[in-house]
Amino acid sequence: MIDQQFDIVIVGGGPVGMALALALREHKLSILLLEARELPEEVDDPRPLALSYGSRLILQHLGIWKNLTQPTPITTIHISNFGHFGHTVLTPDDAGVPALGYVVNYHNLYHTMGRSVRDYGVVYRTNALVTTIQTGQQQARITYRQNETEKQIQAKLLVLADGGKLAEQIDGIRYRVHDYRHTAIVANVKTESSRPGTAFERFTLNGPLALLPSGDKYALVWTMPTAEAKKILRLDDRLFLLHLHEQFGDRLGNFIHAGKRSSFPLILKHASTIIGHRSVIIGNAAQTLHPVAGQGFNLGLRDAWELASEISHIPSGAPGEPGSSRMLSVYSKRRQRDKHMGRVFTDSLIKLFTADLPLIQTCNGIGLTVLDCLPPAKRLVARQMIFGTKN
Ligand SMILES: Cc1cc2nc3c(=O)[nH]c(=O)nc-3n(C[C@H](O)[C@H](O)[C@H](O)COP(=O)(O)OP(=O)(O)OC[C@H]3O[C@@H](n4cnc5c(N)ncnc54)[C@H](O)[C@@H]3O)c2cc1C
């Protein structure tokens with residue numbers, strides 16, 4: 001038996017699902033947001049998110065930006081290659097923006113958005129685990145469990161923003177997956193000296209190592225083969241910091257403190273198509289990228305923003321109602337290029353800079369030096385990182 005009927009049901013109240021709910025808050029549509037977790041009160045995840053200037057503009061529109069705890073502006077990005085000459089430096093002038101980006105903590109963003117979703121009166125059910133979805137020409141049917149009770153609801157449009165667990169229940173959607181067999185180690189670290197506002201992206205043969213300015217600390221995202229990561233995670237703080245210093249070099253002096261370490265396995269995953277009958281997938285559910293150059297959430301936020309804009313432009317009573325095949329195919333075409341570029345950009349960086357071939361590494365060094373001397377090329381790279389293909 002169907003318990004309730006909605007215009008739109010969003011499955012997954014992570015940052016992308018919540019962004020969509022907030023972007024649609026002023027529309028006269030019945031919207032339900034379902035999230036498997038409770039809203040966490042404690043903030044205990046060091047995962048940093050580097051938000052682009054483009055994401056800042058979207059979060060401002062959503063009323064989120066002003067409530068975030070001190071986002072740290074990135075005013076310089078320093079890119080180098082371990083053991084090879086050549087580096088490049090990007091500044092806001094290269095991209096024509098006030099800051100290249102901002103560093104926030106994932107849980108701070110998650111929590112701030114969660115409060116806003118509640119404050120704006122979005123129908124938001126936490127502890128609600130979706131188990132089954134069925135999609136048809138007229139409706140999508142969603143089954144979820146909350147407090148030991150099973151419920152069935154229907155929607156004209158089902159949006160999956162669940163990180164990618166349920167999409168293969170939709171006819172025609174399959175994932176292509178590449179396992180990098182790499183892991184990201186994440187921690188807050190302190191260094192002897194600092195360069196306020198400077199983010200460092202250092203390519204090593206094991207994978208990229210990023211230090212992002214975060215208040216008076218740096219947020220570290222250090223990627224490497226999983227077997228190596230297991231060893232590094234077991235080191236005590238002193239050896240961990242020494243090893244990190246060895247890979248990063250002397251730019252910031254000694255590494256003097258490390259906070260709690262977390263680890264994340266890394267894959268590249270993307271869906272063969274992002275739409276089905278009465279359904280669409282966004283955010284990590286549509287594409288999960290390597291964290292190099294901090295593209296994943298920025299791309300997912302643009303998914304949510306563009307989907308909301310597509311839904312908003314439907315005149316009421318018109319044939320393109322939310323979830324119609326026409327509306328979905330327009331959205332899908334609109335997002336194709338940005339998604340493709342985000343995937344190719346991050347994957348190519350990894351392949352190029354971790355190739356164990358001296359000639360390629362020498363070319364990369366030359367490439368970074370040339371890039372540093374060519375303002376139009378730097379502008380292109382910087383704007384791709386900040387705005388995607390919405391340059
Ligand atoms: C180490 C690391 C560093 C990163 N750094 C950056 C960065 O600097 N910049 C950047 O842009 N991106 C970065 N990313 C990527 C970024 O974290 C993700 O792209 C982003 O979190 C995706 O958000 P999402 O809402 O799509 O998915 P998620 O954050 O995965 O949220 C999915 C939500 O769906 C819920 N859910 C799942 N299944 C169900 C179900 N069956 N029923 C109901 N709810 C369900 C989950 O509980 C969760 O809340 C990084 C990623 C990693 C691993």
Side-chain angles (χ1 to χ4, degrees), residues 9-21 32-40 45-52 54-56 58-59 71-72 74 77 100-107 109-111 113-114 117 124-133 142-146 151 158-167 169 180 182-187 199 201 207-212 214 219-223 229 261-269 281-304 342 346 385-386 388:
V9 170
I10 306 167
V11 175
V16 171
M18 288 196 275
L20 177 65
L32 171 67
L33 176 60
L34 293 171
E35 166 55 40
R37 296 187 275 180
E38 259 306 336
L39 191 60
D45 185 331
R47 179 178 357 167
L49 287 179
L51 301 183
S52 67
S55 292
R56 174 193 168 146
I58 296 178
L59 293 174
T72 307
I74 300 175
I77 301 179
L100 289 165
Y102 303 84
V103 182
V104 301
N105 170 271
Y106 174 91
H107 267 256
L109 178 72
Y110 184 76
H111 209 253
M113 291 181 107
V117 164
Y124 178 31
R125 294 184 190 150
T126 53
N127 248 329
L129 177 76
V130 174
T131 50
T132 318
I133 53 179
I142 298 112
T143 308
Y144 70 95
R145 232 176 311 122
Q146 192 184 29
K151 297 201 172 129
L158 163 67
V159 183
L160 281 187
D162 66 332
K165 298 183 182 79
L166 295 165
Q169 291 187 23
Y180 287 109
H182 276 208
T183 291
I185 297 178
V186 173
E201 184 84 67
L209 180 170
L211 280 182
L212 306 171
S214 175
L220 167 73
V221 182
W222 187 7
T223 67
R261 293 171 228 165
S262 304
S263 63
F264 299 84
L266 302 179
I267 56 165
L268 168 67
K269 177 166 117 173
I281 59 177
I282 60 172
N284 263 30
Q287 66 276 318
T288 303
L289 308 181
H290 192 289
V292 66
Q295 296 288 298
F297 173 64
N298 292 301
L299 188 57
L301 189 59
R302 295 198 290 275
D303 286 349
T346 52
M385 286 167 79
I386 293 168

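What you see is a predicted model, and the numbers here were worked out from it, not measured in a lab. When a ligand or atom number is given, it counts from 1 through the structure's own listing order.
Of all protein heavy atoms, the one closest to atom 51 (C) of ligand 1 is R47 NH1, 3.9 Å. The nearest heavy-atom contact from the protein to atom 4 (C) of ligand 1 is P291 CB, 3.8 Å. Regarding atom 32 (C) of ligand 1, its nearest protein heavy-atom neighbour is A161 O, 3.5 Å. Of all protein heavy atoms, the one closest to atom 7 (C) of ligand 1 is A50 N, 3.4 Å. Among protein heavy atoms, the minimum distance from atom 45 (C) of ligand 1 is reached at A36 CB, 3.7 Å. Considering only non-hydrogen protein atoms, atom 47 (O) of ligand 1 sits nearest to E35 OE2, 2.7 Å. When hydrogens are left out, the protein atom nearest atom 30 (O) of ligand 1 is G163 CA, 4.1 Å; that is the closest non-hydrogen contact. Given atom 10 (C) of ligand 1, the protein heavy atom at minimum distance is F297 N, 3.3 Å.
Residue P48 places a heavy atom less than 4.0 Å from ligand 1. Using a 4.0 Å cutoff on heavy atoms, A128 counts as a contact of ligand 1. The closest approach between any non-hydrogen atom of Y106 and ligand 1 is below 4.0 Å.
Side-chain contact between S262 and R47 is absent, with no heavy atoms from C-beta onward closer than 4.5 Å. Side-chain atoms of K151 and T143, non-hydrogen and from C-beta on, never get closer than 4.5 Å to each other. Within the 4.5 Å cutoff, the side chain of N105 has no heavy atoms near those of the L49 side chain. Counting heavy atoms from C-beta on, the side chains of T131 and Y144 never come closer than 4.5 Å. In this structure, S52 and Y102 have side chains that are not in contact, with every pair of non-hydrogen atoms separated by 4.5 Å or more. The shortest side-chain heavy-atom distance between R56 and L59 does not fall under the 4.5 Å cut-off.
Atom numbering of ligand 1 starts at 1 in the shown order; those under 4.0 Å from a heavy atom of F264 are 1 (C), 53 (C). Each of the following atoms of ligand 1 lies closer than 4.0 Å to a heavy atom of L166: 41 (N). For ligand 1, the atoms closer than 4.0 angstrom to any heavy atom of Q295 are 11 (O). With ligand atoms numbered from 1 in the order given, ligand 1 contributes 7 (C), 8 (O), 9 (N), 10 (C), 11 (O) to contacts under 4.0 Å with heavy atoms of G294. Residue G14 approaches ligand 1 through these ligand atoms, each under 4.0 Å from one of its heavy atoms: 25 (O), 31 (O), 33 (C), 49 (O). Every atom of ligand 1 with a heavy atom of L129 under 4.0 Å away is listed here by number and element: 40 (C), 41 (N), 42 (N). Close contacts of ligand 1 with G283, meaning ligand atoms under 4.0 Å from a residue heavy atom, involve 26 (O). Residue G296 approaches ligand 1 through these ligand atoms, each under 4.0 Å from one of its heavy atoms: 10 (C), 11 (O), 12 (N), 19 (O).
Looking at D303, its side chain never comes within 3.5 Å of a backbone N or O of N298 through a donor-acceptor pair. Under the 3.5 Å distance criterion, the side-chain polar atoms of T223 are matched with a main-chain donor or acceptor of P208. No side-chain donor-acceptor contact under 3.5 Å links Q295 to the backbone of H290. Remark: side-chain polar atoms of Q146 are paired, donor with acceptor, to backbone N or O of T126 under 3.5 angstrom. Using modelled atom types, one side-chain atom of Q169 and one backbone atom of I133 make a donor-acceptor pair closer than 3.5 Å.
In this structure, of L109, D162, T131, the residue bringing a heavy atom nearest to atom 39 (C) of ligand 1 is D162. Closest heavy-atom approach to atom 24 (P) of ligand 1 among the candidates T132, T223, V16: V16. Of the candidates L49, L33, V186, the one placing a heavy atom closest to atom 14 (N) of ligand 1 is L49. Distances from atom 19 (O) of ligand 1 to the heavy atoms of V292, V103, N284 put N284 nearest.
Nearest heavy atom pair, residue A184 against residue V221, reads CB-CG1, 4.3 Å.
Close N/O approach between A184 and ligand 1 is not found [any backbone or side-chain N/O within under 3.5 Å]. Below 3.5 Å of separation, one finds no N or O of G17 facing any N or O of ligand 1.
Within the 4.0 Å heavy-atom criterion, neither part of S52 lies near ligand 1. Only the side chain of Y110 comes within 4.0 Å of ligand 1, judged by heavy-atom distances. Contacts between L51 and ligand 1, counted as non-hydrogen atom pairs separated by less than 4.0 Å, are absent for every part of the residue.
V104 pairs in a side chain to side chain contact (heavy atoms under 4.5 Å, CB included) with only one of the listed residues (S214, S55, P71), which is P71.
Using the six-membered ring where Trp is involved, Y180 and H182 have ring planes that are tilted, between 30° and 60° apart.
Relative to the six-membered ring of F297, R302 misses at least one condition, a distance below 6.0 Å or an angle of at most 45° to the axis.
Atom CZ of R145 is surrounded by 12 or fewer heavy atoms from other residues, nucleotides or ligands within 6.0 Å.
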